[in-house]
Engineer: 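If you scroll down you'll find the structure; I have some questions about it.
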Amino acid sequence: MTYDAAISRPVPASALIPTLLKLIEVVEEENAVLVERRITHHAGFTDRKNHCLRELMAAQRLEEPHCTANACRSLLQRLSEALRENSALLKLHIGAVGELSDIIIGGLRDADSDGTYSRSRYSLR
């Protein structure tokens with residue numbers, strides 16, 4: 001239990017703390033993988049983040065709002081920073097995947113072909 005001078009009473013340990021810590025851990029792990037360019041499959045991180053968010057919503061229903069804000073303020077700030085970084089890294093990653101896709105598509109269009117598998121050949125019919 002911690003003490004909050006603003007409400008002049010002890011604040012019980014929040015049920016959100018373990019869930020927030022778990023979510024922060026997942027987001028920070030994904031950030032590290034993205035920074036190190038080791039990511040090959042996003043589904044695992046997406047599933048883990050979704051699971052943490054469901055747990056967070058369930059824990060939040062059990063909390064009193066003033067207790068939650070006071071007990072979890074530093075964790076919420078840390079989560080916010082991690083999510084900001086995550087958003088920026090994912091945007092870079094998605095942009096790079098889009099550029100790579102454009103290069104591949106451009107190469108396929110420019111490749112010499114006899115038209116056997118060309119879409120344009122079939123679209124004329």
Side-chain angles (χ1 to χ4, degrees):
M1 247 198 225
T2 60
Y3 185 79
D4 184 357
I7 57 175
S8 301
R9 66 182 174 133
V11 176
S14 174
L16 291 174
I17 291 174
T19 307
L20 284 170
L21 287 170
K22 188 175 176 182
L23 180 56
I24 290 167
E25 179 183 325
V26 171
V27 172
E28 288 178 345
E29 181 184 344
E30 183 181 30
N31 289 349
V33 168
L34 286 165
V35 165
E36 296 167 7
R37 297 181 181 134
R38 291 186 292 127
I39 196 143
T40 58
H41 193 60
H42 281 284
F45 285 109
T46 301
D47 291 344
R48 289 170 58 201
K49 287 190 286 188
N50 285 336
H51 181 77
C52 288
L53 288 173
R54 284 191 297 275
E55 287 182 6
L56 187 63
M57 288 187 293
Q60 190 176 16
R61 289 186 200 108
L62 304 173
E63 295 290 319
E64 294 181 39
H66 66 277
C67 291
T68 301
N70 294 317
C72 299
R73 186 172 315 280
S74 65
L75 289 176
L76 290 169
Q77 289 171 339
R78 184 173 159 197
L79 177 60
S80 178
E81 291 167 11
L83 288 171
R84 247 185 261 112
E85 180 182 6
N86 189 255
S87 175
L89 289 168
L90 286 171
K91 284 178 186 173
L92 283 172
H93 184 76
I94 290 168
V97 169
E99 287 180 27
L100 182 59
S101 176
D102 290 345
I103 290 169
I104 292 170
I105 290 170
L108 291 172
R109 285 186 182 144
D110 295 342
D112 290 336
S113 171
D114 66 359
T116 303
Y117 300 107
S118 172
R119 284 187 183 191
S120 61
R121 178 175 177 226
Y122 295 108
S123 63
L124 297 173
R125 291 182 180 180

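Note that the structure is predicted; figures quoted are calculated from it, not measured.
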Engineer: Identify the heavy atoms of A82 and N31 that sit nearest to each other, and give their distance.
Structural biologist: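 For A82 versus N31, the nearest heavy atoms are O-ND2, 3.1 Å.
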Engineer: Taking atom OG of S80 and atom CD1 of I24, what is their separation to the nearest 0.5 Å?
Structural biologist: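 The distance works out to 10.0 Å.
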Engineer: Of all residues at least two apart in sequence or in a different chain, which pass the ring pair (Phe, Tyr, Trp, His ring centres under 6.0 Å) check with H93?
Structural biologist: H42
Engineer: Please determine which of E28, E30, E29, E55 meets the salt bridge (Lys or Arg N to Asp or Glu O under 4.0 Å) test together with R48.
Structural biologist: E29
Engineer: Look up atom CD in E25 and atom CG in L20, then write down how far apart they are to the nearest 0.5 Å.
Structural biologist: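 Separation between the atoms: 12.5 Å.
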Engineer: Hey, any chance I17 and V27 share a hydrophobic cluster, counting ILVMFWY side chains that come within less than 4.5 Å of each other, even indirectly?
Structural biologist: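 Same hydrophobic cluster.
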Engineer: Flag the pair V35 / E85 as yes when at least one side-chain heavy-atom distance between them is below 4.5 Å, and no otherwise.
Structural biologist: yes
Engineer: CG of L23 to CG of L83: how many Å apart, nearest 0.5 Å?
Structural biologist: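 Interatomic distance, L23 CG to L83 CG, rounded to 0.5 Å: 6.5 Å.
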Engineer: Any chance you could measure L79, atom CG, to L21, atom CG, to the nearest 0.5 Å?
Structural biologist: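 Going from the CG atom of L79 to the CG atom of L21 covers 10.0 Å.
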Engineer: Roughly how far apart are N86 CG and L34 CG, rounded to 0.5 Å?
Structural biologist: 6.5 Å
Engineer: How far does OG1 of T19 sit from NE2 of H51, to the nearest 0.5 angstrom?
Structural biologist: 9.0 Å
Engineer: Taking all non-hydrogen atoms of both residues into account, name the closest pair between F45 and V33 and its distance.
Structural biologist: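 Distance-wise, the nearest heavy atoms are CZ-CG2, 4.0 Å.
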